[in-house]
Amino acid sequence: MSQATIESILQEERLFQPPAEFSQTAHIKSLQEYQSLYDKAKSDPETFWAELAEKELHWFQKWDKVLDWQPPFAKWFVGGKLNISYNCLDRHLNSDRADKIALIWEGEPGDGLKITYRELHRLVCKMANSLKSMGVQKGDRVGIYMPMIPEVAIAMLACTRIGAPHTVVFGGFSAEALKDRLLDAEAKVIITADGGWRKDAVVHIKDQVDKALADDGVPSVEKVIVVRRTGHPINMQPDRDYWWHELRKAAADECPAEPMDSEDPLFILYTSGTTGKPKGVVHTTGGYNLYTHITTKWIFDLKDTDILWCTADVGWITGHSYLVYGPLSNGGTTVMYEGAPRDSNPGCMWDVIQKYGVTIFYTAPTAIRTFMKMGEALPLARDLSSLRLLGSVGEPINPAAWMWYYRVIGGERCPIVDTWWQTETGGIMLTPLPGATPMKPGATTLPFPGIEAEVVDLDGNPVGENQGGYLAIKNPWPSMIRTVYRNPNRYRTTYWEHIPPKNGQYLYFTGDGARKDKDGYFWVMGRVDDVINVAGHRLGTMEVESALVSHQAVAEAAVVGKPSDIKGEEIVGFVTLEEGYFPSDQLAKELKQHVANEIGALARPATIQFCEALPKTRSGKIMRRVLRNLASGQEVAGDTSTLEDRSVLDKLRGGA
Ligand code: PRX
C-alpha cells in the first residue's frame, strides 16, 4: 500500500452503523448478539462448534471427539462421516429447494444458464461416474484447470462426491505453473476445456494442458476430460483425452456420495509463500464444510431469497469457499460470471447485477478501484436496487474506495463486510457481521466467533493499542490448513514456529502486518514477508525471480512490490545481465513476457530495472528493503551500513 493510503487509514475515524432495517431481519441482529456468540465460543469452543455442526450439516455418522489438537496439528469432528457434495446437493433435494436455482451462469459472449439443485445433482453424479469409470478412486487427486463455466463447479462437486481431492489451478496460470502443481499433487486425471472467453478473446487453455503433459511431463496423469466450451479445434490425444459431452451421455444419473471421514483430505490448493515453489494447502472435509457454511450464512446473511455473486475465480480460495461450497451448502443461489470489465463492455458487472437481481456482491478492492476510475455514470445508469449487502476481500481496502463502494454501489443502504482471510484459513476470520458490527472504512473490524486473533511482536507478545505488529491467531479453528501437501515440516515452520511457541501456546503466523485500535478493531496493513499482493493475487517474489533468472540474459534478479493506485501493488524486477547482454527496452519487454509465459500474465512485472549489481549485505543477502524504497521513489530508509558495496546504491539511485 502507498504511504498516502496507510496514512489515510491511520486517520480514519468514521463509524457506520448497520442499517436498522438490515439488522431487524439479519441472522445476527446486534453487537450484543455477536458478543454473546463470541464469548460462548471463547469459553467453550468445542460445544460451540459441535452444536453448529449438529444443526447445520448432514452427517452419515456423528463424531466421537470434536477436537484433537496436537499442536500444530488439528483434527476436527474425529470419527465423524459426511460428504460435502451431499451437503451441497442431496440434502436440498428432499426439501422445497429441489427446483430452486443453485447456479446462475453468465457466460461470454452472451451465453447463460440457470441450473436447479436437481439438475446440478444429476450433472455432478454423471461427472462423478465418469471419473470412476476412468479409475479414479477415493484419495486420488484430480486436477481442474478451467475457465469460469458451470462445469468447473460440477467437477469440484463430482470429485468431492467420490472422495477424490481436487486441485484447482487458476486458468490464467501458464503450462509451467500448471505442471508444477500437477506434479506435486500427482494428479491422476485432469478436467479442462477446449478454451474459455476472456475479454472478447478465446483463451486456449487445452494447449497449456498439452504443453504441461508433453514428453510425459506429468507421469501420474492418465486421462484428461475436456469440456467443449468454445468449439475451437483442439488436439485430442487418443486414449488420453475424452470429451465431457460424450462421457456424459454414457454416465448414469445417480452416484451415491461417499461417506468421508471428517479429516479426509477435501482439496489441495496451491498458494505462494516466501520461499520455494507454491505450497499445496490441504483442507479436510468436516471442518471446512462447517466453517464455510456458517461464515456464508452469518457474514453474508444468506437467506433463501438471496442471489449471491462472488466475483472471484474458482481457481482461488475465495471461489472455492464463497462461490461454490459455502453458498451451495446453505441451499443458496450463486452467480458465476465468465467475463470481466473491458473496453467493449465497461458496465458489464452492473448489467449482471441488474439482470439477475443480485442481492449480495462480493469483490476485491482492486476491482472497486477500477470501477471508480471508470466513473460512477456506469453503475448509476443501471438499477442496482436489488443489492442489500456488499463485501470486499483480498487486500486492504482504502477508505476512499470503501466510501465509493458504499455510496455509489450500495446506495448508502448496504452494509459492507471487509473480510480478512487467506487460502490457509479456508474461510473468513476477521469481518463485520452486517447486521451487528458498526463499520469503519478500511477496518476488517472483529474476529468471527470462535476465532481468537491478536497483534503480536516476533516473541508472541501482544503489542499495544494502535501499535503495528504481526497478525496471529491463537487457537485452532475448523477450516484451518491441516498441512502443506507432502511437507508437514514446511507447515510447522512456516505457520507455527515463525513465532516460537511458548509454554505449549502455538500462534498461527499469518504473514500480515496489522494494528488493533481502541475498540479492538483490526486494521490489516498488508504482507510483512516476501509475498506480493498484485490485484488481490498472491505471488512469491522468489517465484518471479526464478522465472526471471531462467531467461538466458539474466544473471541475478530481485523482485519487489511497488504501490499501485489500482492494483494495490505491482511487480518491479531488478535484474543484472549476463555478459554479452545489454539493457534495452526490447529486452525489458522480452523479460516481462518471459515471466508471463513461465507463471502467467498475473505475474508479469510492470517494470524491469536493469542494474550493474544488486544491493547485498556482506553475507550476500539481497537488501529488498532498499529496492522497495527505490522502486517506489522514496528515500532509502533505515540502516544501510551492512551494505557490501555502497556504490551500488548510488548507481541504482542514478537509475541504472
Ligand atoms: O495479505 C492478506 C490479503 O490476502 C492475503 C491472503 O491471500 P490469499 O491466500 O490469496 O487469499 C485471498 C482471499 C482470501 C492475506 O494474507 N488479504 C485478504 N483479505 C484481506 C487482505 N488484506 C487486507 N484486508 C482484507 N480484507
Side-chain angles (χ1 to χ4, degrees), residues 1 5-6 9 12 168-170 172-173 268-274 278-281 283 288 291-292 295-296 299 310-323 325-326 362-369 390-399 401-402 405 416-432 439-448 453 455 470-473 479-481 484 494-495 498 508-515 521-540 543 561 567-569 602-603:
M1 263 199 296
T5 307
I6 290 174
I9 286 184
E12 185 57 50
V168 184
V169 180
F170 171 55
F173 275 126
I268 306 168
L269 187 57
Y270 286 83
T271 192
S272 298
T274 314
K279 44 194 179 225
V281 171
H283 282 291
Y288 178 85
Y291 197 79
T292 52
T295 47
T296 305
I299 299 167
C310 164
T311 67
D313 193 284
V314 177
W316 312 116
I317 191 71
T318 310
H320 281 58
S321 300
Y322 298 111
L323 197 162
Y325 290 120
Y362 189 36
T363 196
T366 292
I368 299 166
R369 289 190 292 263
L390 303 174
S392 173
V393 61
E395 331 147 54
I397 181 165
N398 47 312
W402 195 100
Y405 199 28
I416 297 180
V417 287
D418 175 3
T419 61
W420 176 89
W421 59 297
Q422 310 178 298
T423 306
E424 294 87 341
T425 69
I428 296 166
M429 305 288 279
L430 304 175
T431 178
M439 299 160 281
K440 297 184 192 178
T444 61
T445 75
L446 299 168
F448 192 77
V455 181
Y470 302 96
L471 178 62
I473 312 294
S479 65
M480 63 189 263
I481 172 177
V484 171
T494 310
Y495 301 106
H498 197 90
Y508 169 83
F509 180 74
T510 63
D512 279 328
R515 73 182 167 95
Y521 275 30
F522 288 85
W523 300 74
V524 177
M525 312 309 274
R527 302 292 304 195
V528 291
D529 52 8
D530 290 327
V531 169
I532 311 182
N533 192 332
V534 185
H537 300 320
R538 184 169 153 183
L539 284 163
E543 282 167 76
K567 294 182 167 183
E569 281 187 293
L602 73 167

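By convention here, the first residue in the shown sequence is residue 1. Being a predicted model, the structure only gives us computed values, none of them experimental. In each ligand, atom 1 is the first atom listed, and ligand 1 is the first ligand listed.
If you look at T423 next to ligand 1, the close heavy atoms, those under 4.0 Å, come from the backbone and the side chain alike. Residue contacts with ligand 1 for T419 involve N, CA, C or O but no side-chain atom from C-beta outward (heavy atoms, distance under 4.0 Å). Proximity of H537 to ligand 1, defined as any heavy-atom pair under 4.0 Å, is not found for any part of the residue. Counting heavy atoms under 4.0 Å from ligand 1, residue Q422 touches it through both backbone and side chain.
Remark: ligand 1 atoms within the under-4.0 Å shell around heavy atoms of N533 are 3 (C), 4 (O). Heavy-atom proximity to V524, at under 4.0 Å, picks out these atoms of ligand 1: 22 (N), 23 (C).
Considering backbone and side-chain N/O atoms, R527 comes within less than 3.5 Å of an N/O atom of ligand 1. Considering backbone and side-chain atoms together, G394 places an N or O closer than 3.5 Å to an N or O of ligand 1. Residue S392 has no N or O atom closer than 3.5 Å to an N or O atom of ligand 1. For a threshold of 3.5 Å applied to N or O pairs, the pair formed by D418 and ligand 1 contains at least one separation below that value.
Atom 24 (N) of ligand 1 has as its closest protein heavy atom E395 O, 3.3 Å. The protein non-hydrogen atom at the shortest distance from atom 6 (C) of ligand 1 is W421 O, 3.7 Å. Distance from atom 15 (C) of ligand 1 to its nearest protein heavy atom, with residue and atom name: D512 OD2, 3.1 Å. Remark: minimum distance from atom 13 (C) of ligand 1 to any protein heavy atom is reached at T318 OG1, 3.3 Å. R538 CD, 3.5 Å is the protein heavy atom nearest to atom 7 (O) of ligand 1.
By the 30° and 60° cut-offs, the orientation of the rings of F170 relative to H537 is tilted.
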TODO: Step by step, work out the side-chain hydrogen bond (donor to acceptor under 3.5 Å, both in side chains) result for T419 and Y322.
DONE: CA-CA 12 Å; T419 61; Y322 298 111; over 6 Å; no
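For A364, the side chain to side chain contact (heavy atoms under 4.5 Å, CB included) partners are E395, not counting sequence neighbours. Residues that satisfy the side chain to side chain donor-acceptor pair (under 3.5 Å) test with K440, not counting sequence neighbours, are D517, D519.
Contact of the T271 side chain with the Q422 side chain is not registered, since no non-hydrogen atoms from C-beta on lie closer than 4.5 Å.
Checking Y405 against T363 by side-chain atom types alone, no donor-acceptor pair falls below 3.5 Å. For the residue pair T423 / Y270, no side-chain donor-acceptor distance below 3.5 Å is found, with atom types taken as modelled.
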